[in-house]
Amino acid sequence: MTASCFITFEGIDGAGKSTHIHSTASWLRAQGRQLLLTREPGGTPLAEALRSLVLQQPMDALTESLLVFAARRDHLQQAIEPALARGEVVLCDRFTDATFAYQGSGRGFDHTVLATLEAWVQQGRQPDLTLWFDVAPAVAAQRRAAARAADRFEAEDLAFFDRVRAGYAARAAAQPQRFVRIDAAQAPADVAAQVQAALMAQGPWSAR
Ligand code: TMP
């Protein structure tokens with residue numbers, strides 16, 4: 001089957017989505033599907049350079065928003081749209097829901113400006129399916145503590161991640177047709193089972 005599909009993985013830092021995007025990619029490749037596994041900010045040389053700036057350099061929320069949308073524009077034009085045009089499945093670790101959750105709800109930046117940038121940059125392109133890995137910020141913080149050194153976002157406090165989580169919940173409530181909430185507090189095997197069930201039910205290979 002060559003039906004293209006754009007699937008995004010979202011959640012607060014430490015929710016575990018990156019592990020599951022890699023196992024999803026392996027599962028789809030084992031079925032012989034062509035896919036692009038990518039991430040935001042990033043996915044092209046320019047967008048990866050912008051990612052380094054956003055994760056490391058101090059800046060205000062408008063600058064952050066402009067840089068993540070600039071990275072997204074390049075990523076869409078150079079990588080995502082061509083892959084979808086070839087009929088591939090695109091698995092993307094974060095997309096615009098992260099901007100509404102982190103810059104909008106986390107930083108308190110104007111959602112109307114973000115919606116304008118979203119319309120300019122995406123020209124109507126939206127994910128077909130978004131898996132939202134939801135977990136309490138305290139649990140995610142414990143998981144992060146065991147991992148690598150924190151970047152500018154990972155170093156934020158629990159109140160910031162409470163707001164980011166609420167931002168994701170609001171996006172999911174506003175667009176329920178494309179969001180599936182994954183209970184990311186469960187053991188990895190149980191989370192993987194939820195992910196597979198969501199993909200079977202809502203991917204282009206489902207009988208929907
Ligand atoms: P990652 O560590 O999951 O790859 O994500 C990088 C960080 O960038 C993460 O802390 C969330 C943040 N981010 C934003 O603040 N806004 C965005 O639009 C995106 C895509 C990521």
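These values consider heavy atoms only, across backbone and side chains, with no hydrogens, waters or symmetry-generated copies. Both ligands and their constituent atoms are indexed starting at 1 by order of listing.
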(message) Under a 3.5 Å distance rule, please check whether Glu48 uses its side chain to pair with a backbone N or O of Gly43 as donor and acceptor.
(response)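 At least one qualifying donor-acceptor pair exists.
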
(request) Could you tell me how the ring of Phe160 sits relative to the ring of Phe153: parallel (under 30°), tilted (30 to 60°) or perpendicular (over 60°)? (result)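 It falls in the tilted class, 30° to 60°.
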
(message) Between Asp157 and Arg163, does any NZ, NE, NH1 or NH2 come within less than 4.0 Å of an OD or OE carboxylate oxygen?
(response)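 Answer for the salt bridge query: no.
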
Quiz: residues 113-123 side-chain donor-acceptor pairs under 3.5 angstrom, not counting sequence neighbours:
unit_1	atom_1	unit_2	atom_2	d
Thr116	OG1	Thr112	O	3.0
Glu118	OE2	Gln126	NE2	3.0
Glu118	OE2	Arg171	NH2	3.3
Gln122	OE1	Thr96	OG1	2.5
Gln122	NE2	Arg125	O	2.8
Gln123	NE2	Trp120	O	2.8

For ligand 1, list all ligand N or O to protein N or O distances below 3.5 Å, rounded to 0.1 Å.
unit_1	atom_1	unit_2	atom_2	d
ligand 1	3 (O)	Lys17	NZ	3.0
ligand 1	3 (O)	Arg94	NE	2.8
ligand 1	3 (O)	Arg94	NH2	3.3
ligand 1	4 (O)	Arg51	NH1	3.3
ligand 1	4 (O)	Arg51	NH2	2.9
ligand 1	5 (O)	Arg94	NE	3.0
ligand 1	10 (O)	Asp13	OD1	3.0
ligand 1	10 (O)	Asp13	OD2	3.0
ligand 1	15 (O)	Gln103	OE1	3.4
ligand 1	15 (O)	Gln103	NE2	2.9
ligand 1	16 (N)	Gln103	OE1	2.8
ligand 1	18 (O)	Arg72	NH2	3.2
ligand 1	18 (O)	Thr99	N	3.4
ligand 1	18 (O)	Thr99	OG1	2.6

(message) My understanding is that only residues two or more places apart in sequence, or in another chain, count here; which of them pass side-chain contact (heavy atoms from CB on, under 4.5 Å) with Ser105?
(response)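 Residues passing side-chain contact (heavy atoms from CB on, under 4.5 Å) with Ser105: His111.
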
Just list the side-chain donor-acceptor pairs under 3.5 Å for residues 178-192, sequence neighbours left out, or say none.
unit_1	atom_1	unit_2	atom_2	d
Arg178	NE	Gln175	OE1	2.9
Arg178	NH1	Asp97	OD2	2.8
Arg178	NH1	Thr130	OG1	2.6
Arg178	NH2	Asp97	OD1	2.8
Arg178	NH2	Asp97	OD2	3.4
Arg178	NH2	Gln175	OE1	3.1
Arg181	NE	Asp134	OD2	2.8
Arg181	NH2	Asp134	OD2	3.1
Asp183	OD1	Ala185	N	3.1
Asp183	OD2	Gln186	NE2	3.4
Gln186	OE1	Gln194	NE2	3.3

